[in-house]
Amino acid sequence: IDSIGNREDFVGGNNAVYQTEVVNAVLEEMAGLDPAAPVIVIGATNHEERVDPALRRSGRLDRVIRIPRPNSAALDHIYRYYIGALGTSTPLDPALDTGALARLSVGLTGADVERIVRGAARRARKANRALSQIDVLAEITDKPRGPDALRILTPTELARTATHEAGHALALFLSESKGSEIGFVSIVPRDEGVLGFVVPFSDERVHLTRRDLEAKLDGFLAGRAAEELIYGQEQVSGGAERDLQFATELVTRMVTKLGLGGSGRLSICVGRRRIIRYCCGLDTFGCFLLRCLSLSDRSELGLLLGVGIDL
C-alpha cells in the first residue's frame, strides 16, 4: 500500500500532482464503501511510516496488524510445507525432524526456510541420497559444499578446536538444562573464519533470571576454560574473541539495563571500570573452572573432549 506514496513527501512538479491524484482517488474509493457490506480492505507494507496519514485515519486503514518473524511452531509448519513441496522427486529420510530444525531457525523468515530447503535438496541430490537432517543442518549453518571449499586444519589445530567447542558443550551439560538445549556442534570451519561452534536451540522464554543469564555467561566462557584446563594458562589461544565479546555485551546489559548489578538499580550509565569490577565479582570464568575440576576425575572431562574431537 505504500507504493501509492505519501502526499507529505511529494515534491513539486507534474509527478507530484499525479501522485496526489492517485492518493485522493484511493481515499475516495474507500470512503464510498458501504459500511454494512461484507468487505474488508487490507493493505500490506514493510514501511508503515510511508503510508499517507489520511489512509490510516479512523474508518480507513485504521487497524495495524504487525506480523513478526515466525516462532518455532510456525517455522515447523513452514519447513513441513517447503519439504512437502519438493514432491516425489526428492526422497525423504524418515528421521527428518522439522521440529528440531525449527528450534534452530528461530529468527529466520519463511523465505529463509525456502532457501534452506532448496539448498538442502541440492546437497542430497549431489550425494545421491534421501534428504536428511544433516543436509538441512548443513544449509542452516552454511557448511561449505565440498572438500575443495574447506579450510584445512592440522590435527593439532583440529584437537584444539574440538577442545574449545567441547568446553562450550560441557557448560550446557553442567547447567540446569543438562544439555537439552544443544542443537548442533561442529568443528568444520566456515567461510567467515569460524573454526567451530555450538548452536543451542533458541531460547524463546520471555523472562530470564540472574541465574539464567549467568549460565549463559558460563557457556560463553567455557571454551576458553576448556583450553586452559587441557593446555595450561600460558597456552590458551585467542579463539575466544567472539565469546568474550558476547559475554561482555551480556554482562554490560545485566548491569546497566536489567538492574542485575551490585547496586540493584534498574538502569544506570557507568564506565568500563564499573563493568569490569562487576565481572570480577561474578568471577564466572573462575567458577566454571572450579566446576570442571570438581568432576569425579579429569578423565571424565577428557572423555567428553574426545567425543568433541570425533564430531
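All values below were derived from every heavy atom in this structure, side-chain atoms included, with hydrogens, water molecules and symmetry-related copies excluded. Note that the structure is a prediction, hence the values are computed from the model and not measured.
Between Asp2 and the choices Leu55, Asp52, Val51, the side-chain contact (heavy atoms from CB on, under 4.5 Å) rule is met once, by Val51.
No more than 12 heavy atoms of other residues, nucleotides or ligands shown are found within 6.0 angstrom of CZ on Arg253. More than 12 heavy-atom neighbours from other residues, nucleotides or ligands sit within 6.0 angstrom of CD on Glu49.
Side chain of Ser89 to backbone of Leu86: a donor-acceptor contact under 3.5 angstrom is found. Of the possible donor and acceptor atoms, none in the side chain of Arg69 sits under 3.5 Å from a partner among the backbone N and O of Leu108. Checked by atom type and distance alone, the side chain of Arg60 pairs as donor or acceptor with a backbone atom of Ala54 at under 3.5 Å. At distances below 3.5 Å, not a single donor-acceptor pair connects side-chain atoms of Asp76 with backbone N or O atoms of Ala73. Looking only at distances, a side-chain donor or acceptor of Gln133 sits under 3.5 Å from a matching main-chain atom of Asp97.
For Arg66 and Glu48, the salt-bridge test passes: some basic side-chain N is under 4.0 Å from an acidic carboxylate O.
Distance CD/Gln245 to CD/Glu249: 4.5 Å, rounded to 0.5 Å. Atom CZ of Arg125 and atom CG of Asp135 lie 10.5 Å apart (nearest 0.5 Å). One distance of note links CG of Leu250 with NZ of Lys216; it measures 8.0 Å at 0.5 Å rounding. To the nearest 0.5 Å, atom CZ of residue Arg224 and atom OG1 of residue Thr163 are 15.0 Å apart. Between the CD1 atom in Ile134 and the CG atom in Leu96 there is a gap of 11.5 Å [rounded to 0.5 Å]. One distance of note links CG of Asp218 with NE2 of His168; it measures 12.0 Å at 0.5 Å rounding.
Between Ala102 and Ser72, the shortest heavy-atom contact is CB-O, 3.2 Å. Here the closest non-hydrogen pair linking Gly167 and Ala226 is CA-CB, 3.6 Å. In this structure, Pro70 and Leu75 approach most closely via the heavy-atom pair CG-CD2, 3.6 Å. The heavy-atom pair separating Asp93 from Ser132 by the smallest distance is OD2-CB, 3.7 Å.
Hydrophobic cluster membership is shared by Ile78 and Leu92, with clusters built from Ile, Leu, Val, Met, Phe, Trp and Tyr side chains linked at under 4.5 angstrom.
When side chains are defined from C-beta on, Val26 counts as touching Ile4, because their heavy atoms get closer than 4.5 Å. At least one side-chain heavy atom of Leu61 sits less than 4.5 Å from a side-chain heavy atom of Val41. Annotation: side chain of Glu139 is in contact with side chain of Arg123 (closest heavy-atom distance under 4.5 Å). The closest side-chain heavy-atom distance from Ile140 to Ser105 is below 4.5 Å. Residues Val106 and Asn71 fail the side-chain proximity criterion, which asks for heavy atoms closer than 4.5 Å. The shortest side-chain heavy-atom distance between Val136 and Tyr79 falls under the 4.5 Å cut-off.
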* Passes side chain to side chain contact (heavy atoms under 4.5 Å, CB included), Asp112 versus Arg115? Steps please. -> CA-CA 5 Å; Asp112 293 326; Arg115 170 184 57 80; 4.0 Å; yes
* **Full working for side chain to side chain contact (heavy atoms under 4.5 Å, CB included) between Ile42 and Ile65** => CA-CA 10 Å; Ile42 299 176; Ile65 302 174; over 6 Å; no
* With side chain to side chain contact (heavy atoms under 4.5 Å, CB included) as the test, would you mind laying out the steps for His164 and Arg160 before giving the verdict? => CA-CA 6 Å; His164 186 101; Arg160 181 179 287 275; 5.7 Å; no
* Begin with the C-alpha distance, continue with both residues' side-chain angles, and end with the deciding distance and a verdict on side chain to side chain contact (heavy atoms under 4.5 Å, CB included) for Leu137 and Leu104. => CA-CA 9 Å; Leu137 287 172; Leu104 285 172; 3.3 Å; yes
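Inspection of the Ser237 and Tyr231 side chains reveals no N or O donor paired with an N or O acceptor under 3.5 Å. There is no side-chain donor-acceptor pair under 3.5 Å between Asp212 and His207.
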